[in-house]
Amino acid sequence: MDHTKKGFNTICTHVGELEDKQFKGAVSPIYLSTSYAFEDVETKRYPRYFNTPNQEALCKKIARLENGEASLIFGSGMAAISTALFAFLKSGDHIVSQRNIYGGTANLINEEFEKHNIEFSYVQGQSITDFVDQIQENTKVIYIETPSNPLLSITDIKAIAKLGKSKGIITMIDNTFASPVNQNPIDLGIDIVLHSATKYLGGHSDILAGAVVGTHEHVDKIFQVAKNFGGSLSDFTVWMLERSIKTLGLRVKQQNENALFLAQWLQENNDIANVYYPGLKSHPDHDIAKQQMKGFGGMLSFELADGLDASQFQKELKLIKSSMSLAGVESTILSPSKTSHSLLSEEERAAQGIKDGLLRFSVGIEEKEDLVADIQQGIEAIKKKQITLS
Ligand SMILES: *Cc1c(COP(=O)(O)O)cnc(C)c1O
């Protein structure tokens with residue numbers, strides 16, 4: 001069947017599906033073989049070569065979702081990110097990266113690159129001139145992440161892509177927070193799109209996986225390194241991820257809707273000091289977000305009003321769980337200063353605008369009224385306790 005002109009949810013449901021020729025089952029069969037008879041000398045199927053039937057099928061779906069030519073699926077987001085970076089950077093090269101990126105990616109750059117004699121420069125803000133200023137003769141990669149964690153700052157994807165093209169530098173984006181539902185960076189000129197599929201692509205907090213998407217040429221270059229690094233995903237998990245992606249469009253649509261509703265509700269609430277959500281007109285990057293995103297995503301963050309304790313509030317929540325990960329169908333909340341950004345000093349966090357009372361909220365698919373009610377009762381509970389104490 002020709003899926004080239006199909007809409008997003010149809011791609012999610014059908015592209016790449018394997019036909020069960022034997023029993024006519026409704027879903028893709030799962031092939032667990034690590035050994036396949038040679039079809040010809042060229043075709044050597046092996047899980048670490050990223051070419052088992054289930055791997056190839058899922059790659060087609062993910063490539064299509066991002067409007068790329070090809071894709072590879074990895075055992076984690078970090079496997080995808082590290083393999084892609086090492087495919088395009090060698091000793092003596094230089095990378096310009098946004099400062100405000102996923103902690104694991106920053107650790108990879110800070111802890112591994114020097115060992116391989118790869119130079120790096122960070123760009124503090126999101127301004128394009130700051131990126132231009134950091135470019136050197138040996139710069140081979142520009143790396144961005146938007147929306148970023150935890151303040152949902154937005155980088156101008158088109159401008160970055162244009163900059164890369166004008167200088168012959170490969171551009172890479174971590175598109176995890178937006179998901180392919182809300183943002184397709186390849187359409188805006190970016191070379192390589194990276195995903196932690198552990199997040200929205202998986203969506204149920206039960207899969208660890210990653211993906212890269214790009215042209216055949218770029219993905220082949222990444223594959224040449226990937227087969228040496230060995231970060232492929234097991235076919236069991238490949239199959240689960242295929243199943244999860246069938247509902248990607250529906251889940252994220254609901255998460256977009258809930259997050260926008262909650263962001264607006266929080267903004268109106270006197271017990272909330274600040275709300276950070278790119279869908280709010282008050283967000284400093286709202287205009288760029290509107291240009292490059294189809295929806296504003298399920299991630300937001302906020303600060304309680306002065307005198308209301310964030311960690312007490314977290315403890316009072318009943319429906320919204322405090323948890324490290326994000327993007328599941330269930331709503332979760334965490335304190336960046338106590339978790340993802342705890343290794344930074346208070347001054348470093350302040351420089352990034354991350355206050356100690358900031359809470360990052362991964363909005364799930366629950367009914368929005370129930371989420372509002374939980375937040376409301378959480379605030380009332382800490383207020384009551386504070387009155388009793390004083
Ligand atoms: C979680 C995450 C990663 C890393 O993915 P893993 O699957 O945990 O390896 C990378 N980037 C972003 C934005 C993430 O949220």
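Ligands are counted one by one from 1 in listed order, and the atoms in each one are counted from 1 as well. Computed from a predicted model, the values in this text were never measured in an experiment.
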- Note on the structure: If you scan protein heavy atoms around atom 4 (C) of ligand 1, the nearest is Y102 CE2, 3.3 Å
- Can you tell me which residue and heavy atom of the protein come closest to atom 11 (N) of ligand 1, and the distance to 0.1 Å? D174 OD2, 2.6 Å
- Give the intermediate values and the outcome of ring pair (Phe, Tyr, Trp, His ring centres under 6.0 Å) for residues F86 and H116. CA-CA 10 Å; F86 278 107; H116 299 274; 5.1 Å; yes
- Who gets closest to atom 1 (C) of ligand 1 by heavy atom: K199, H195, M299? K199
- Which residue from S196, G75, G104 reaches closest to atom 5 (O) of ligand 1 through any of its heavy atoms? S196
- Note on the structure: Near E145 (heavy-atom distance under 4.0 Å), the atoms of ligand 1 are 13 (C)
- If you count the atoms of ligand 1 from 1 in the order shown, which ones are under 4.0 Å from a heavy atom of S76? 7 (O), 9 (O)
- After noting the C-alpha distance and the side-chain angles of F74 and F50, does the key distance pass the ring pair (Phe, Tyr, Trp, His ring centres under 6.0 Å) rule? CA-CA 9 Å; F74 289 82; F50 296 76; 5.1 Å; yes
- Query: Does S325 come within less than 4.0 Å of ligand 1, judged by its heavy atoms?
  - Reply: no
- Does some non-hydrogen atom of I81 fall short of 4.0 Å from ligand 1? yes
Geometry only, no angles: is [X] polar-contacting ligand 1 at N/O separations under 3.5 Å?
X    : value
T198 : yes
G77  : yes
M78  : yes

- For ligand 1, is any non-hydrogen atom under 4.0 Å from L208's backbone (N, CA, C, O), its side chain (CB onward), both, or neither? side chain
- Item | Residue portion contacting ligand 1 (non-hydrogen atoms closer than 4.0 Å) for A209 | backbone
- Message: I'd like to know if K61 and E17 make a salt bridge, using a cut-off of under 4.0 Å between side-chain N and carboxylate O.
- Response: no
- Message: Please report whether the ring centroid of Y36 lies less than 6.0 Å from that of Y31.
- Response: no
- Verify whether the ring centers belonging to H195 and Y200 lie closer than 6.0 Å. no
- May I ask you to establish whether K199 and Y102 are in a cation-pi arrangement, using a distance under 6.0 Å from NZ or CZ to the six-membered ring centre and at most 45° from the ring axis? yes
- Could K140 and F88 be counted as a cation-pi pair, given that NZ or CZ must be under 6.0 Å from the ring centre and within 45° of the axis? no
- Gap between atom CG of L194 and atom OH of Y143 - 0.5 Å precision: 5.0 Å
- More than 12 non-hydrogen atoms from neighbouring residues, nucleotides or ligands closer than 6.0 Å to NZ on K227, yes or no? yes
